[in-house]
Number of protein chains: 2
Amino acid sequence: MSGLQKAKSEETRRRVLEAAVAAVEAGGMEAVNIRNIAKEAGYSVGSVYKHFADQDALLIAVNSVTLGRIREIMGEVVEGTQDPLAQLRALAHAYLAFAQENKNLWTTLFGHHLPDGKPVPEWHIQENIALLAFIAGPLKALNPGLAGEALEDRTRTCFSAVHGLVTISLETRFISLTGARLKGEMDYLVERLAG
Amino acid sequence: MSGLQKAKSEETRRRVLEAAVAAVEAGGMEAVNIRNIAKEAGYSVGSVYKHFADQDALLIAVNSVTLGRIREIMGEVVEGTQDPLAQLRALAHAYLAFAQENKNLWTTLFGHHLPDGKPVPEWHIQENIALLAFIAGPLKALNPGLAGEALEDRTRTCFSAVHGLVTISLETRFISLTGARLKGEMDYLVERLAG
DNA sequence: CCTAAAAGTGAACGATGTTCACCATTTGAC
DNA sequence: GTCAAATGGTGAACATCGTTCACTTTTAGG
């Protein structure tokens with residue numbers, strides 16, 4: 001396969017994925033309707049399936065885009081701060097801000113699950129784990145004694161705790177905090193766990 | 001409406017809900033298929049709709065059962081422990097254990113979301129918030145200075161952090177910790193946040 | 001009894017994910 | 001340039017859902 005066909009194929013995949021991302025942004029996971037997405041992208045139903053095995057694969061691709069955006073934001077945050085504790089605080093706030101400003105993308109990222117027996121692709125697992133690297137750095141700087149498995153575990157714990165705060169704050173089921181108080185609790189959390 | 005009809009109605013509702021809980025336990029949220037549940041309960045499709053407005057209402061009823069079980073376990077834990085910090089530790093471990101042993105019920109509880117515009121019933125919000133009361137007590141005992149909104153906020157933060165640890169530990173997307181190390185991180189989390 | 005209300009039924013409708021037989025375009029060898 | 005194989009693209013058709021509703025059966029109470 002050379003030039004023209006490859007370009008066409010990539011373009012189609014890109015347009016379909018764009019339409020899927022737009023659909024999720026507009027209406028969440030449930031808005032990913034193959035017929036609508038095919039129409040929005042300007043293709044037929046069958047073409048979608050030439051590029052994505054099924055709806056799950058399309059949603060994983062959307063989640064991959066979301067993870068890319070989060071990674072980019074986290075990278076900027078780490079670059080723009082020097083003090084390790086301030087970095088962790090800023091990372092947590094950036095994570096919260098992204099979730100609030102991209103609620104549908106964020107809930108899709110963590111709300112979509114494959115049926116039993118369908119394993120998550122290894123490359124997607126790595127994309128997720130990559131987020132932890134931003135935390136491990138400053139955490140190690142604050143706790144030079146931490147290393148190896150202990151550092152990995154603590155990193156995951158810090159991420160999970162912040163993730164939980166963000167999750168519950170977006171949950172209508174629990175009445176959530178207002179902005180300022182939530183940010184305060186986030187700082188408390190980070191300072192307690194990172195020190 | 002008297003005796004016989006009321007009994008029949010309650011029995012039907014109970015059997016349908018039982019079938020729905022069993023379906024979730026066996027296959028998660030996606031296994032809640034109205035036709036299957038009607039068959040399992042021994043009724044027709046239409047009868048299900050006489051007792052539950054729609055699939056969402058049925059799932060909320062299932063989640064209500066799940067919350068009841070969690071509440072019961074948490075109550076026993078608090079009763080069986082005296083030291084406030086030990087209570088918080090035990091609550092966190094009980095929460096984790098429930099999630100691990102009832103993965104499908106737990107992921108349904110937090111994975112099911114109503115479509116935009118459909119508000120969560122007030123009684124169900126209260127059921128969720130009720131879990132926080134178990135935490136607020138010991139937390140106040142450990143921090144007598146905490147009261148009012150500050151205590152509420154801190155309670156929610158502690159719950160959220162533990163909830164996050166449990167969530168991520170069940171996520172195939174992130175490779176999760178093994179039992180002992182996870183429990184260790186849970187203790188670290190509780191001790192840092194509660195003190 | 002007898003009629004109104006409530007419980008229970010299941011065919012039918014529309015929406016959805018997925019498949020596949022088919023046409024159109026591109027490719028590379030001759 | 002020609003042509004057969006490969007690839008891109010199509011949309012009707014199928015199976016499976018949630019949901020509705022006209023209908024039958026059962027219960028209530030005078």
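Here is how names work: the chains are called A, B, and so on, in the same order as the sequence lines, proteins then strands, and each is numbered from 1.
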Participant: Starting at atom CZ of A:R15, determine the distance to atom P of D:dG8, rounded to an integer number of angstrom.
Facilitator: 16 Å
Participant: Look at the rings of A:Y95 and A:F159 and say which category their plane angle falls in: under 30° parallel, 30 to 60° tilted, over 60° perpendicular.
Facilitator: perpendicular
Participant: Would you indicate what B:V48 reaches in the nucleic acid, counting non-hydrogen atoms under 4.0 angstrom: base, sugar-phosphate, or nothing?
Facilitator: nothing
Participant: Where the side chain of A:Q55 is concerned, which of C:dG17, D:dG18, D:dT26 is the nearest nucleotide?
Facilitator: C:dG17
Participant: Report the residue (A:K50 or B:G42) whose heavy-atom-nearest nucleotide on DNA chain C is the more 5′ of the two.
Facilitator: B:G42
Participant: Report the distance from atom CG of A:N36 to atom C1' of C:dA15, rounded to the nearest whole Å.
Facilitator: 10 Å
Participant: Classify B:Y49 by what it touches in the nucleic acid, base, sugar-phosphate, or nothing, heavy-atom distance under 4.0 Å.
Facilitator: base
Participant: Would you say B:E11 has more than 12 foreign heavy atoms packed within less than 6.0 Å of its CD?
Facilitator: yes
Participant: Starting the side chain at C-beta, find the nucleotide from C:dT18, C:dA7, D:dT10 nearest to A:Y43.
Facilitator: D:dT10
Participant: For B:R13 and C:dA6, give me the distance from atom CZ to atom C1', rounded to whole Å.
Facilitator: 17 Å
Participant: Taking the minimum atom-to-atom distance to the side chain of B:N33, which one of D:dT19, C:dG8, D:dG18 wins?
Facilitator: D:dG18
Participant: Relative to the 5' end of DNA chain D, which residue comes earlier, A:S47 or A:R35, by the nucleotide with the nearest heavy atom?
Facilitator: A:S47
Participant: Of all the choices, D:dG8, C:dG17, D:dT19, which nucleotide is nearest to the side chain of B:V45 once you look at every atom?
Facilitator: D:dT19
Participant: Could you tell me whether the side chain of B:R192 and the main chain of A:R192 form a donor-acceptor pair under 3.5 Å?
Facilitator: yes
